[in-house]
Structure formats: structure tokens, C-alpha cells
Amino acid sequence: MNKRPTEVQNIPDTAAPASSLPKDLWLGSCARYTVLCMLLLLISTLLSESPSAVYVDPIRFALLLPFALCLTGAAMLRRTDKLSRGAKCALHPLAVLGGFYTFGYLPFQLRSKPSGQQILLFLLLAALVYGLAMGIYCLITHSLGRKKSEETPYVSQFGKKQ
């Protein structure tokens, strides 16, 4: 006869509920939007002739929010377990560079009608900056992961349990 266990094991649920996806997307986008706005203000302050006359076009601030949504979506794509590593590596730069081109470069260059050569040069520079940023990110996460794995003690899975 089967006996019922006296203790109920608390097994953590690793899958995030579907309702947390929009919340995570929105909160991550707001955090990235804040950082992007501060960077835009800092850059405009550094490039302006007089610090008291800093002006940033309000349209630029408005377009930072959809770009922040693209960045957050790309970060969520990178963390998901439902895609293969190759798909993640292909979709992440497409989402970041596509969002930057669509919301950062294109709206302000439509007036001046850039040539194909200028657009290609811009995309190559943006890819270079993306590659440098992701390279630094990967080095930092790799070193932190190695440090963490060295600090955890070895536990035998097949030996005697204490």
C-alpha cells in the first residue's frame, strides 16, 4: 500500500508565468530608456558650446522608448531557452542594430536623403560599436562565471549522501 509523504516538497517553478513577460518587457524598457536619456543628455552637454544652452530635440526622446523596447526584446531573446544558440546569436544583433537604424538613424536622415554609401558606413560603424560592446559584455560574464564555478564546492552526485 502506498503511504503518503508527511512532508510536501517545495519544488520551485523555473518557468516564468506568461503574465510576467509584458511586465518584464516594460520594466526593462523603462530602465533602458532612463539610461539612454541620461546618455543623450550627457552627450549633448559635452558637445554643446555652453552648458547652460543644452537642447535635445523632443522627438529624439520620444524615439528612445521604442528603441529601448527593441533592446529589452533583444535581451529577452538572448536569455530564452526556447531558441537555439545560433538563432539567439543571429536575432540579437538584428534586433539591436535594426532598432537603432529604425528609431535612431532613419527618422533624422529622411530629410537629408543619405546615399547608400553613407547608410552602409553608418551600419558598419554601428556593427563595430555593437561588436565591441558585446565583446566586453562576454568577457565580463565569462570571468564572473569562471569565478563563481571556482568558488562552489564539488558535490558528488553518485557518492554517499550525508
Side-chain angles (χ1 to χ4, degrees), residues 14-153:
T14 57
S19 64
S20 74
L21 183 67
K23 179 182 174 184
D24 291 344
L25 183 67
W26 184 248
L27 289 176
S29 297
C30 288
R32 284 175 176 81
Y33 177 74
T34 303
V35 170
L36 289 171
C37 285
M38 291 298 135
L39 283 174
L40 183 64
L41 285 172
L42 180 68
I43 290 170
S44 64
T45 302
L46 292 175
L47 295 178
S48 70
E49 294 175 4
S50 67
S52 61
V54 175
Y55 174 74
V56 179
D57 189 13
I59 294 173
R60 288 198 190 266
F61 281 116
L63 289 173
L64 283 178
L65 186 59
F67 177 59
L69 281 166
C70 286
L71 288 178
T72 305
M76 292 174 88
L77 278 174
R78 214 163 173 257
R79 286 190 306 258
T80 187
D81 294 333
K82 296 179 181 182
L83 294 173
S84 67
R85 179 180 273 178
K88 291 179 195 179
C89 289
L91 290 175
H92 188 266
L94 285 176
V96 171
L97 294 175
F100 187 67
Y101 179 75
T102 305
F103 300 111
Y105 180 75
L106 191 61
F108 299 101
Q109 296 302 320
L110 287 177
R111 296 181 199 135
S112 65
K113 304 283 184 193
S115 67
Q117 186 180 16
Q118 289 174 334
I119 293 173
L120 183 63
L121 180 65
F122 170 77
L123 288 176
L124 288 175
L125 287 173
L128 179 69
V129 170
Y130 173 82
L132 288 172
M134 286 307 293
I136 292 169
Y137 172 78
C138 289
L139 285 173
I140 291 170
T141 55
H142 179 70
S143 66
L144 290 177
R146 178 181 286 173
K147 188 179 201 181
K148 185 177 179 182
S149 67
E150 289 174 356
E151 291 175 356
T152 57

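Counting only heavy atoms from C-beta outward, the side chains of Tyr105 and Leu123 never approach each other to under 4.5 Å. Leu63 has its side chain within reach of Pro107: a pair of non-hydrogen atoms, C-beta onward, lies under 4.5 Å apart.
Between the side chain of Thr141 and the main chain of Cys138, a donor-acceptor pair closer than 3.5 Å is present.
The shortest heavy-atom contact between Thr102 and Gly98 is OG1-O, 2.7 Å. Scanning all heavy atoms of the two residues, the minimum distance from Gly99 to Cys70 falls at CA-SG, 3.8 Å.
In this structure, Phe122 and Phe100 have parallel ring planes: the angle between them is below the 30° cut-off, well short of the 60° mark.
Between the NE2 atom in His142 and the OH atom in Tyr137 there is a gap of 13.5 Å [rounded to 0.5 Å]. Between atom NE2 of residue His92 and atom CG of residue Leu97 there is a gap of 9.5 Å, rounded to the nearest 0.5 Å. Rounding to the nearest 0.5 angstrom, the gap separating the CG atom in Leu91 from the CZ atom in Arg78 is 12.0 Å. The CG atom of Leu27 sits 9.5 Å away from the OG1 atom of Thr72 when rounded to the nearest 0.5 Å. For the atom pair SG of Cys30 and CG of Leu69, the computed distance is 8.0 Å after rounding to the nearest 0.5 Å. Between Leu124 atom CG and Leu120 atom CG the span is 4.5 Å, to the nearest 0.5 Å.
The environment of CD1 in Ile59 is sparse: at most 12 heavy-atom neighbours from other residues, nucleotides or ligands sit within 6.0 Å.
Remark: Thr80 pairs with Lys82, Leu83, Lys88 by the side-chain contact (heavy atoms from CB on, under 4.5 Å) rule, at least two apart or across chains. Residues forming a side-chain contact (heavy atoms from CB on, under 4.5 Å) with Leu40 (at least two apart in sequence, or on another chain): Val56, Arg60, Phe61, Leu64.
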